[in-house]
Each structure stands twice: as structure tokens, then as C-alpha cells.
Amino acid sequence: MRRTHMPSYLILRLDGPMQAWGTHTFEDYRPSNPFPTRSGLLGLLGACLGLDRSDTQSLDALAESVAFTVRLDTGAPRPGVDRLMPKRHTKLSDYHTVLDARKVDGSTNKFPIQSHREYLFDAAFTVAIGSRPDASFSLARIAESLRRPRFTPVLGRRSCPLGRPLLERPDCIEADDAKAALAQFPPHSGLIYSEDELVSDQPTWIRDVPRYGRHRQFATRRIHLHRGEESS
């Protein structure tokens, strides 16, 4: 029996010259996950909403308000002059020297260190944001902040600007589930990482849930993969 009221989703498109979605690290090596992390996406929304990093109550409320489903859009054409060139999702490393780097024990290193930071090039993702029960931050409020962000949104790190507006549609869409919502937008298929168990029975674990008020500490969550047919 078909439900009379389907869930609503906001659809984001994450596309830019570079992206970096950090995983567990210390300063000498800063790798990137191959897809946007929960902490990175919450940071993106928090910036658009104008939430201060010290406002842990609001940040926790935002985290409890939303669920993310992410699709890797390998093969999606770029808009503009290279419209026919496919995405390749290349990972490259950048070399830095860093002063006042953090040590394992949390103290500051008084000596400069060498640091290698990974970035994703030629990557694009489509994200379906769903609303959790009793959400403090509604999808309508989040959509308005994405249209008129308070702070500058970036794709994981400050050196990764947006290549296009975040919202794929100005308002929410309805669909049976997040997978069906993503299928409405090109390239319509691809590898999906979801917090929704309806997408797949293939679970994996990732440590990317921010513990606000505890500097750079993260908890683990279970995600599900759906290996749909990818566009060529």
C-alpha cells in the first residue's frame, strides 16, 4: 500500500575544482575520504546557518535533525566548456610545512613539521538531506540558509571553493526514500553511501561523527552501500 505522505529531501550538488573530506589524522598526514563525511556535511550546513563553533548546543541539535545519503557522481559531465569530459575522481597530495602543529598528546609542537594533505580532483557528489523525527532545524530553514549562507561554504577545507550553487532544487522534493530522491537527478545512478538501511544490506563503519565540545574527537557510525549501475 502506497504511503499518502512521502518523506521530503533537500538535494545538494557538491562540485568544485577540489574537495577534501578529512578522516582520522594528525598533522603530518591529512588524508581525505573518497566521499563527504558526516562531520564535513554538518560543518557545511552549520556555516550556511551561521552557527558558531563554540555553540555546541545548536551544533548538536543540527546533527540530530538531519540524515545524509551521498551519491558519487563519477562520469557526470561538467557544465560549461568541458561539458563532455567525464569526472575521474582523482586523489592528489599537496605538500606543506606547518608551525605549531598538534602532537598526539594534544600539545603544540615547537618545531616545524612536514605535512601532506590529500584532495579530490574532478569529483562530484549529489547529497539527499532527510529530516529526522522532532528535528530542531527544519529542511525549509536549512534550504533558506543554503540560498543565503551566513558564512562562506566550502567543500571540506577552506582551500576548496564551490564551483556552483549548493542546491540542485530551491526547495524540497518528495520521494519514497533517499535512493529514489537521488535517482531523479543526473547521472541518476552511482555508488551510494547512506545512513538509511533501506538503501542496502551492505554495512560498513566510519569514524566521522563529531563530538562537539571535545576538540577533534569523533564517534563511529554505520553506513550502507548501494552499488548501483554507474553512468558512463
Side-chain angles (χ1 to χ4, degrees), residues 9-10 12 14 16 18-72 98 100-108 115 117-120 123 125 127-139 141-143 145-146 149-162 166 178 192-197 203-225:
Y9 297 92
L10 277 178
L12 273 61
L14 306 182
M18 301 189 303
Q19 303 187 37
W21 306 100
T23 184
H24 182 63
T25 179
F26 288 97
E27 299 292 345
D28 56 341
Y29 177 54
R30 303 183 67 178
S32 173
N33 272 295
F35 63 96
T37 58
R38 179 168 178 81
S39 58
L41 291 171
L42 288 171
L44 177 66
L45 298 186
C48 293
L49 286 160
L51 303 184
D52 190 274
R53 289 183 178 181
S54 63
D55 186 359
T56 57
Q57 183 175 357
S58 294
L59 292 170
D60 276 327
L62 174 62
E64 292 298 321
S65 295
V66 293
F68 299 112
T69 300
V70 179
R71 186 184 67 202
L72 170 60
V98 181
D100 300 327
R102 177 177 58 115
K103 291 184 177 181
V104 174
D105 62 6
S107 62
T108 299
S115 177
R117 303 180 186 184
E118 286 185 342
Y119 294 88
L120 305 179
F125 304 91
V127 181
I129 304 177
S131 182
R132 288 180 168 176
D134 303 318
S136 300
F137 288 82
S138 68
L139 293 182
R141 179 179 176 185
I142 293 172
S145 74
L146 292 169
R150 291 282 303 279
F151 301 140
T152 302
V154 295
L155 299 176
R157 292 188 187 134
R158 284 180 290 180
S159 56
C160 301
L162 306 178
L166 286 167
I192 292 175
Y193 302 82
S194 178
E195 298 173 330
D196 186 351
E197 294 188 20
T204 188
W205 298 88
I206 181 171
R207 187 165 170 251
D208 69 345
V209 179
R211 303 178 70 182
Y212 295 115
R214 302 184 181 185
H215 185 59
R216 295 191 181 185
Q217 291 190 21
F218 299 87
T220 301
R221 65 177 172 133
R222 185 170 71 171
I223 61 173
H224 299 264
L225 278 68

*Asks:* Does the Asp208 side chain pair with the main chain of Arg38, one donor and one acceptor, at a distance under 3.5 Å?
*Replies:* yes
*Asks:* Assess the residue pair Phe125 and Val70 against the criterion (side-chain contact (heavy atoms from CB on, under 4.5 Å)); give the C-alpha distance rounded to whole Å, side-chain angles, the decisive distance to 0.1 Å, and a yes or no.
*Replies:* CA-CA 7 Å; Phe125 304 91; Val70 179; 4.0 Å; yes
*Asks:* As a quick check of understanding, evaluate side-chain contact (heavy atoms from CB on, under 4.5 Å) for Val209 and Thr220, giving each step before the final call.
*Replies:* CA-CA 6 Å; Val209 179; Thr220 301; over 6 Å; no
*Asks:* Just by distance, do the side chain of Tyr9 and the backbone of Ala128 share a donor-acceptor pair under 3.5 Å?
*Replies:* no
*Asks:* Within a radius of less than 6.0 Å around CZ of Arg150, do more than 12 heavy atoms belonging to other residues, nucleotides or ligands occur?
*Replies:* no
*Asks:* What is the distance from atom CG of Leu10 to atom CG of Leu139, rounded to the nearest 0.5 Å?
*Replies:* 5.0 Å
*Asks:* Hey, does the side chain of Ser194 reach the backbone of His224 with a donor-acceptor pair shorter than 3.5 angstrom?
*Replies:* no
*Asks:* Would you say Arg132's side chain and Val66's backbone share a donor-acceptor pair under 3.5 angstrom?
*Replies:* yes
*Asks:* Going by the rule side chain to side chain donor-acceptor pair (under 3.5 Å), which residues pair with Ser159 if we only count those two or more places apart in sequence or in a different chain?
*Replies:* Tyr119
*Asks:* Rounded to the nearest 0.5 Å, what separates atom CD1 in Ile206 from atom CG in Asn33?
*Replies:* 4.0 Å
*Asks:* What side-chain donor-acceptor pairs closer than 3.5 Å can you find for residues 45-54, not counting sequence neighbours?
*Replies:*
unit_1 : atom_1 : unit_2 : atom_2 : d
Asp52  : OD1    : Ser54  : N      : 2.8
Asp52  : OD1    : Ser54  : OG     : 2.5

*Asks:* Could you work out, with side chain to side chain donor-acceptor pair (under 3.5 Å) as the rule, every residue matching Ser32, not counting sequence neighbours?
*Replies:* none
*Asks:* Check Ala20 against Cys160 and note the closest heavy-atom contact, atom names and distance.
*Replies:* N-SG, 4.0 Å
*Asks:* Could you tell me the separation between the CZ atom of Arg222 and the OG1 atom of Thr204, rounded to the nearest 0.5 Å?
*Replies:* 10.5 Å
